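Quick caveat: nothing in here was measured; it's all calculated off a predicted structure. Proteins come first, then strands; the chains are lettered A, B, ... in the order of their sequence lines, and each starts at number 1.
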Number of protein chains: 2
Amino acid sequence: MKQKKRATIYDIAKKLNIAASSVSRALNNIGNINEETRKLILSTATELKYKRNTLASNLRKGQSKTIGIVVPRINQNFFSNVIAGIEEASYQKGYNLVICQSNESHVKEIQCVNTLINQHVDCIVISVSAEGGDYSHLQNVIDSGIQLIQFDRVASELKTLKVLNDTEQVSMEAVSHMIEQGYKRIALLEGPQNLDIFIQRKAGYLNALKKNNMPIINELVVENAWTKELGATATRALLNLPNPPDAIFASTSDFSALGVLEVASAMGIKVPSELGICGYSNEAFTEITSPSITTIDQFSIYMGKSIADLYFREMDQEESSRTPITISIKPELIIRASTSRKTQSGK
Amino acid sequence: MKQKKRATIYDIAKKLNIAASSVSRALNNIGNINEETRKLILSTATELKYKRNTLASNLRKGQSKTIGIVVPRINQNFFSNVIAGIEEASYQKGYNLVICQSNESHVKEIQCVNTLINQHVDCIVISVSAEGGDYSHLQNVIDSGIQLIQFDRVASELKTLKVLNDTEQVSMEAVSHMIEQGYKRIALLEGPQNLDIFIQRKAGYLNALKKNNMPIINELVVENAWTKELGATATRALLNLPNPPDAIFASTSDFSALGVLEVASAMGIKVPSELGICGYSNEAFTEITSPSITTIDQFSIYMGKSIADLYFREMDQEESSRTPITISIKPELIIRASTSRKTQSGK
DNA sequence: TATTCAATTGCAATCGATTGCCTAAATTTA
DNA sequence: TAAATTTAGGCAATCGATTGCAATTGAATA
């Protein structure tokens with residue numbers, strides 16, 4: 001489909017028999033322009049249905065007023081919320097969003113980042129894929145003079161702006177809460193340990209055990225129980241141990257926690273009295289399972305806004321005063337029925 | 001933050017003492033270029049960390065390889081899935097996505113569309129906001145020679161490409177199914193009637209009643225029960241009628257259906273035996289409520305892919321042979337426990 | 001040896017908007 | 001009235017990549 005010829009500032013200039021530069025000045029409302037000619041130009045512009053060619057403008061100005069975003073999956077609750085938050089904050093500043101998804105593939109992530117560099121976006125916001133690997137493509141972003149902001153899943157070795165959750169702290173709180181509820185053998189479903197967030201979630205778990213003088217039992221720690229299905233499989237194995245756990249912290253996700261709940265129900269194990277369950281992310285469904293699932297809210301929309309704000313704040317800084325800031329957002333432990341066996345307040 | 005100077009084709013040309021045009025030809029692998037100089041150019045390009053400036057390229061070529069998307073909310077399941085589908089299909093073709101959300105506001109929708117026109121996107125994909133209003137901004141898109149594709153919520157009077165669900169048909173199926181299950185007084189929670197999709201859902205409901213020779217009872221049709229809260233409120237009113245319904249088709253959304261379910265549970269009304277419930281959208285949670293909720297799957301990811309495919313197919317067409325195609329995707333009625341009181345197969 | 005042809009590569013215009021510099025007219029001030 | 005300012009608006013370069021056309025070169029053909 002071919003674009004029809006669109007009116008340019010030259011068309012307006014020609015029609016009014018003036019210079020294109022005057023048209024530009026009038027449209028941007030800068031420089032000295034006679035008020036009457038300005039109005040004339042403006043009305044001619046609407047008459048010709050003139051639309052500024054942002055491409056040309058950006059090329060000339062050397063900036064694109066565009067923020068590029070790379071996330072593992074656009075349609076995952078957490079990410080789509082972050083994106084919505086970024087959109088809202090940056091729209092007000094006249095910025096646009098170009099969005100890519102890496103599908104958790106390192107290769108696609110690299111391609112996405114390169115496309116965005118080519119697009120001359122002003123800033124790239126990224127949460128790296130689970131696959132992990134070499135992060136030279138991110139170094140590339142920095143070398144290209146593009147602001148890089150990492151969030152949630154970050155390559156910590158890179159000195160960039162970061163927006164994170166205080167994952168370790170809240171994980172510790174979650175496990176401490178379970179201990180307080182009298183659970184003695186708490187299992188952990190852990191995520192891929194090449195991602196910091198999962199390392200931290202585990203650290204929080206270990207810390208909580210240590211602080212409460214509880215032993216670390218290796219057979220209760222299960223790797224990569226990431227999805228509902230994997231969570232279910234892991235749970236089946238755990239509950240069939242000679243000495244099964246009496247609680248499970250599904251640190252990978254709420255989906256995993258859901259898998260735990262379903263298996264427990266199927267096996268006739270009562271939640272929370274015989275098994276405590278805690279998930280991660282505060283997915284909408286955690287509120288409506290029976291029992292409802294204790295989980296952790298990451299304030300995803302707010303996180304998106306923080307990312308955008310951080311960028312705009314940095315942009316105003318002098319080049320010299322720039323330091324790799326890390327913003328930490330404190331997530332909230334949401335205690336629900338699945339871990340409430342002492343205080344029956346949680347319904 | 002200022003961008004550092006990036007290498008251009010001129011830098012490469014200067015370094016090798018050749019013309020920029022040759023560099024361009026080499027990088028694009030077009031025209032006749034000596035294989036050796038080509039290799040030399042390519043290696044110099046990597047050496048200088050050359051990245052093509054897509055802005056300049058697009059300006060020159062008069063296309064942007066970008067698809068603009070406007071949806072009411074990025075972080076709504078249905079929309080984020082459609083976007084994910086579009087992304088996947090268009091990424092393969094080397095297209096990028098610029099995404100905006102209208103937040104259901106007509107004014108913001110217009111602004112978004114205008115920004116996208118300025119950006120010279122090749123195609124605009126839109127699902128209009130619930131607020132509705134005048135659609136001249138969409139006509140504008142067409143007049144600018146930009147391909148316009150509407151999906152789901154469309155301004156039907158505009159002759160554009162459209163990708164829709166066969167909403168009326170599936171709604172009829174849903175209500176017919178409820179009738180078959182022996183429900184006699186089926187209520188409808190309807191959405192804003194300025195949007196076609198909601199008109200069609202209602203039409204399906206009415207049709208099903210008519211076909212089965214059942215009376216249309218006005219007091220059982222409730223306007224704008226859109227959210228969980230509104231669904232709950234409506235349900236409370238309905239169930240307190242002297243002659244309450246024995247089933248509710250929450251045609252607005254699954255959230256609304258969830259509101260229905262919660263109120264019914266709170267009032268001690270048994271689902272599905274005393275009250276049947278059917279939602280719309282197949283949100284993840286509908287599967288895990290107790291009882292699970294009968295709903296309608298819209299194949300949102302597939303819809304996204306269809307949109308992208310439609311665009312690429314149209315793009316290859318001759319200008320002349322272009323007609324306003326409408327693609328209709330048949331949604332699927334997913335029968336679950338909340339309406340299954342005859343066949344106990346659905347648990 | 002002269003002519004033709006194809007392969008390479010250079011030149012310069014172009015896409016549309018912006019902006020530094022400059023001129024001319026209008027206005028103010030001395 | 002002359003000089004100094006201010007205001008309005010034109011000229012032309014620029015951003016970086018692409019592409020039609022022309023020029024050069026060497027090889028092939030007559």
Side-chain angles (χ1 to χ4, degrees), chain A residues 2-42 44-45 48-66 117-122 144-145, chain B residues 2-42 44-45 48-66 117-122 144-145:
Chain A
K2 282 210 194 86
Q3 313 256 132
K4 285 170 205 161
K5 279 154 276 146
R6 286 160 42 165
T8 70
I9 52 169
Y10 295 100
D11 297 322
I12 299 177
K14 200 176 293 170
K15 177 147 190 183
L16 296 178
N17 218 18
I18 56 176
S21 48
S22 300
V23 177
S24 172
R25 279 188 272 256
L27 293 171
N28 291 298
N29 209 4
I30 49 169
N32 299 320
I33 285 278
N34 184 289
E35 191 50 29
E36 273 182 37
T37 34
R38 208 180 76 87
K39 276 186 186 156
L40 195 58
I41 290 171
L42 258 40
T44 317
L48 294 181
K49 295 196 177 181
Y50 168 81
K51 306 264 175 192
R52 164 191 280 107
N53 186 329
T54 319
L55 257 51
S57 172
N58 290 342
L59 171 61
R60 176 61 226 252
K61 293 203 282 198
Q63 54 141 220
S64 63
K65 285 231 170 190
T66 296
I117 295 179
N118 291 354
Q119 288 270 334
H120 271 232
V121 296
D122 295 338
S144 301
Chain B
K2 281 208 194 89
Q3 312 258 133
K4 286 169 203 159
K5 277 155 273 145
R6 301 195 338 201
T8 70
I9 51 170
Y10 295 101
D11 297 322
I12 300 177
K14 201 176 292 170
K15 178 150 191 181
L16 296 177
N17 217 18
I18 55 176
S21 49
S22 298
V23 177
S24 173
R25 278 187 274 257
L27 293 170
N28 291 298
N29 210 4
I30 49 168
N32 298 319
I33 285 278
N34 185 290
E35 190 52 28
E36 272 181 38
T37 35
R38 209 180 76 86
K39 277 185 186 155
L40 195 59
I41 289 170
L42 258 40
T44 317
L48 295 181
K49 296 199 178 178
Y50 169 80
K51 304 265 173 193
R52 163 192 280 110
N53 186 328
T54 319
L55 256 50
S57 172
N58 290 342
L59 172 61
R60 175 61 227 249
K61 294 203 284 198
Q63 54 142 220
S64 63
K65 285 230 171 193
T66 296
I117 296 179
N118 290 353
Q119 289 270 334
H120 270 233
V121 296
D122 294 339
S144 301

For this session: On DNA chain C, check which nucleotide each of A:Arg52 and B:Glu35 is closest to and give me the residue with the more 5' one.
Result: B:Glu35
For this session: Return the minimal non-hydrogen interatomic distance between A:Ala19 and A:Ala13, and the atom names on each side.
Result: C-CB, 3.8 Å
Problem set entry | Atom of B:Leu59, atom of A:Leu59 and distance for their closest heavy-atom approach | CD2-CD2, 3.6 Å
In whole angstroms, how far is the [atom2] atom of [N] from the [atom1] atom of [X]?
X	N	atom1	atom2	result
A:Ile33	D:dG10	CD1	P	8 Å
A:Asp11	C:dC15	CG	C1'	13 Å
A:Ile18	D:dC11	CD1	C1'	14 Å
A:Asn58	C:dC15	CG	P	19 Å
B:Asn53	D:dG16	CG	P	7 Å
B:Ile12	C:dG10	CD1	C1'	17 Å

Between [N] and [X], is there an OP1 or OP2 to side-chain N/O distance shorter than 4.0 Å?
X	N	answer
A:Arg60	C:dC15	no
A:Asn28	C:dT18	yes
B:Ser21	D:dT19	no
A:Ser22	D:dG10	yes
A:Tyr50	C:dA17	yes
B:Ser57	D:dA17	no

Problem set entry | CZ on B:Arg25 to CD1 on B:Ile33, rounded to 0.5 Å | 6.0 Å
Exercise. Is A:Glu35 atom CD crowded by more than 12 heavy atoms from other residues, nucleotides or ligands, each under 6.0 Å away?
Worked result: yes
Looking at [X] and [N], is any side-chain donor or acceptor paired with a base atom of the opposite kind under 3.5 Å?
X	N	answer
B:Thr8	D:dC15	no
A:Arg38	D:dG9	no
B:Arg25	C:dG10	yes

Problem set entry | Residue A:Asn34, side-chain atoms from C-beta onward, closest of D:dG9, C:dT19, C:dT8 | D:dG9
Exercise. Is A:Asp122 reaching over with its side chain to a backbone N or O of A:Ser64, donor-acceptor style, under 3.5 angstrom?
Worked result: yes
